[in-house]
Structure formats: structure tokens, C-alpha cells
Colleague: 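Please read through the structure below; I'll follow up with questions.
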Amino acid sequence: MSESLYASCAQVLTLCQGIKDDLPALLDPVSGFAPRVRQLCRDQIEELESGATSDVSQVELEALRMEANTWGLLQALIPPRKTEPEHHLNPCTILKENSFMPTLTLAQAIMHASPLLSELVIVREWLHETASSLQYPEATTGYWKFTKHNVMQALRTGHGIREGLVTEFDPDSVNRGDGKSLGCG
């Protein structure tokens, strides 16, 4: 697995070293160095997920995803650093011209004036693209189901509450009394 990936990356590196003086070609969003290596990683992930090789662990697959994502971040960050930025008006100049400037226009001027802020926006967008989706906790009634079922059964049958269950839902209950705990079966 990794030998073919390393060989492919070496071929891309050799090809790009041949055009190292052509900055636009190296930074091209489709055929530049970073997009090619990213595509190699993605192809490798697809090949491994298709089941062609079963001896790959989930950790290795996740490492390949992180590698592909990292090359995507590099592709987004390097061109603005290596190319000459476009000339934009200074935010103070814009405010002097018109103190009632729309907030969006002023925010964009501030963004263009600060390379660090621009890079932070790029990183934020990259994180939105690559971060896993949120896992929301399931909605519950606030009871431990096993404890609730035991209490309900005791009420139905008329027997007392089973030994070993707390009588109050209190986080400090284990530190008091007999050290009884919530049933969580």
C-alpha cells in the first residue's frame, strides 16, 4: 500500500521539481503540487475503502484522510503567501471617505488589510470542510432507564424499592448513606 503511494508522490515531486521556477504552475488549483498529492491520497483512500486490500487498519485510513486534508489546507494557504496581493483601500481611508460605510464593506477592507486575518478565514473554512459532523446526544427523560424500570416495577407490585438502588437522584448520594448507586443496566 504505502510503497505505491510513496512512489506516486515521488513521481509528482520529480515532475514539480522540473517546473520549480514556474510558480503559477506549482500553485495551480488543479495541476499544482499540493492538489496532485491530495488527489493521490484520495485515490489511495478510495482504493482501500473499496476492499481491494483488507489488511489496512482504520488508523491508517484515518491517517491518509488527514494527509489529504493537510494538502488541501496547504493548497489554500500557500498561493496567498507566495503571490503578490491585490491592492485594496485601507479601512481608515474608507471610513474617512464615508463614515456611514456598510459593515460588510468595512469588514472586507479589514480582511484585505491583514494577511493573518485572511489566513485565519482560510483555516476556518478548511475546518468547516474537513471537520466531522457533530454527534448530538440523544434526548432522554433524565432518568437512568434501568433505575426507572425498577422503581416503576416496585410501585406496580407493591414491594419496596430493590436493595442497592438510591432513593434520590442526587450526584452526591454515593458519598452519603450506604454508598448505593444508580442502576445502569
Side-chain angles (χ1 to χ4, degrees), residues 1-2 4-50 56-144 169 171:
M1 170 201 100
S2 59
S4 64
L5 179 63
Y6 293 142
S8 299
C9 288
Q11 288 175 351
V12 170
L13 181 61
T14 303
L15 178 71
C16 288
Q17 281 179 337
I19 57 170
K20 66 182 176 186
D21 295 329
D22 188 9
L23 191 61
L26 285 174
L27 299 178
D28 187 83
V30 175
S31 62
F33 179 69
R36 285 184 186 190
V37 176
R38 182 181 190 188
Q39 190 58 45
L40 287 174
C41 292
R42 285 181 172 173
D43 293 344
Q44 188 75 30
I45 290 168
E46 286 178 19
E47 181 182 321
L48 294 173
E49 286 180 336
S50 69
V56 177
S57 70
Q58 195 65 26
V59 174
E60 290 174 335
L61 203 55
E62 191 59 33
L64 267 174
R65 278 192 194 94
M66 287 191 295
E67 181 77 17
N69 291 339
T70 303
W71 283 109
L73 178 62
L74 285 173
Q75 176 58 32
L77 283 176
I78 297 299
R81 285 184 176 186
K82 293 293 183 182
T83 57
E84 191 65 34
E86 296 178 21
H87 176 70
H88 295 281
L89 291 175
N90 188 343
C92 294
T93 308
I94 292 175
L95 277 176
K96 285 179 184 175
E97 291 175 5
N98 181 4
S99 60
F100 298 106
M101 184 63 59
T103 309
L104 180 62
T105 306
L106 187 58
Q108 287 176 342
I110 292 170
M111 292 286 299
H112 291 301
S114 171
L116 178 63
L117 213 50
S118 298
E119 286 183 3
L120 287 174
V121 168
I122 290 171
V123 171
R124 185 196 65 200
E125 289 171 357
W126 174 81
L127 284 171
H128 281 287
E129 291 173 10
T130 60
S132 58
S133 60
L134 291 174
Q135 299 291 330
Y136 295 103
E138 63 183 52
T140 62
T141 59
Y143 297 103
W144 288 73
F169 290 110

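Quick caveat, the model's predicted, so the values are computed rather than measured.
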Colleague: Determine the minimum heavy-atom distance between A113 and P91, stating which atoms define it.
Modeller: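 Closest approach of A113 to P91, heavy atoms only: CB-CD, 3.9 Å.
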Colleague: Just to verify, which of M66, Q44, E49 counts as forming a side-chain contact (heavy atoms from CB on, under 4.5 Å) with L61?
Modeller: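 Single side-chain contact (heavy atoms from CB on, under 4.5 Å) partner of L61 among M66, Q44, E49: E49.
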Colleague: Working to the nearest 0.5 angstrom, can you tell me the gap between L89 CG and Q108 CD?
Modeller: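 If we round to the nearest 0.5 Å, L89:CG and Q108:CD are 12.5 Å apart.
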Colleague: Are D43 and L5 packed together at the side-chain level, in the sense that at least one heavy-atom pair is separated by less than 4.5 angstrom?
Modeller: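 Side-chain contact under 4.5 Å: no.
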Colleague: Is the backbone of I110 close enough, under 3.5 Å, to the side chain of S114 for a donor and an acceptor to pair up by distance?
Modeller: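 Flag not set: sc S114 to bb I110 has no pair under 3.5 Å.
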Colleague: Could you tell me how the ring of F33 sits relative to the ring of W71: parallel (under 30°), tilted (30 to 60°) or perpendicular (over 60°)?
Modeller: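 Ring orientation, 0 to 90° scale: perpendicular.
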Colleague: Nearest heavy-atom pair of V30 and P35: which atoms, and what distance?
Modeller: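 Heavy atoms only, the tightest pair is O-CB, 3.7 Å.
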Colleague: Output, in order, the C-alpha distance, side-chain angles, deciding distance and verdict of side chain to side chain contact (heavy atoms under 4.5 Å, CB included) for L77 and V123.
Modeller: CA-CA 8 Å; L77 283 176; V123 171; 4.3 Å; yes
Colleague: Rounded to the nearest 0.5 Å, what separates atom CD in E125 from atom CD in E129?
Modeller: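 One finds 7.0 Å between CD of E125 and CD of E129.
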Colleague: Got a second to check how far K82's NZ is from L23's CG, nearest 0.5 Å?
Modeller: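 Output value for this atom pair is 7.5 Å.
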Colleague: Could you tell me if the side chain of T93 sits less than 4.5 Å from the side chain of E97, heavy atoms only?
Modeller: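 Yes - at least one pair of side-chain heavy atoms lies under 4.5 Å apart.
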Colleague: Testing the basics here: between M111 and S118, what is the closest heavy-atom pair and its distance to 0.1 Å?
Modeller: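 Closest pair (atom of M111, atom of S118, distance): O-OG, 2.8 Å.
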Colleague: How many angstroms lie between atom CG of L73 and atom CD of E119, to the nearest 0.5 angstrom?
Modeller: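 Atom-to-atom, L73:CG and E119:CD are 9.5 Å apart.
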Colleague: Can you confirm whether R36 sits close enough to S31 that some side-chain heavy atom of one is under 4.5 Å from a side-chain heavy atom of the other?
Modeller: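 With C-beta onward as the side chain, the pair touches.
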Colleague: Using a 4.5 Å cut-off on heavy atoms from C-beta on, say whether the side chain of R124 contacts that of V121.
Modeller: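 The answer is yes, as the side chains (C-beta and beyond) meet within the 4.5 Å cut-off.
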Colleague: Please report the interatomic distance CZ(R38) to CG(L40), rounded to the nearest 0.5 Å.
Modeller: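 Here the interatomic distance stands at 12.5 Å.
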Colleague: If you look at every heavy atom in L74 and P79, which pair is closest and at what distance?
Modeller: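 Closest heavy-atom pair between L74 and P79: O-CD, 4.1 Å.
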Colleague: If you measure from CG on L106 to OG on S99, what distance do you get to the nearest 0.5 Å?
Modeller: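 With rounding to 0.5 Å, CG (L106) is 11.0 Å from OG (S99).
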Colleague: Is there a donor-acceptor pair closer than 3.5 Å between any side-chain N or O of N69 and the backbone N or O of R65?
Modeller: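 At least one qualifying donor-acceptor pair exists.
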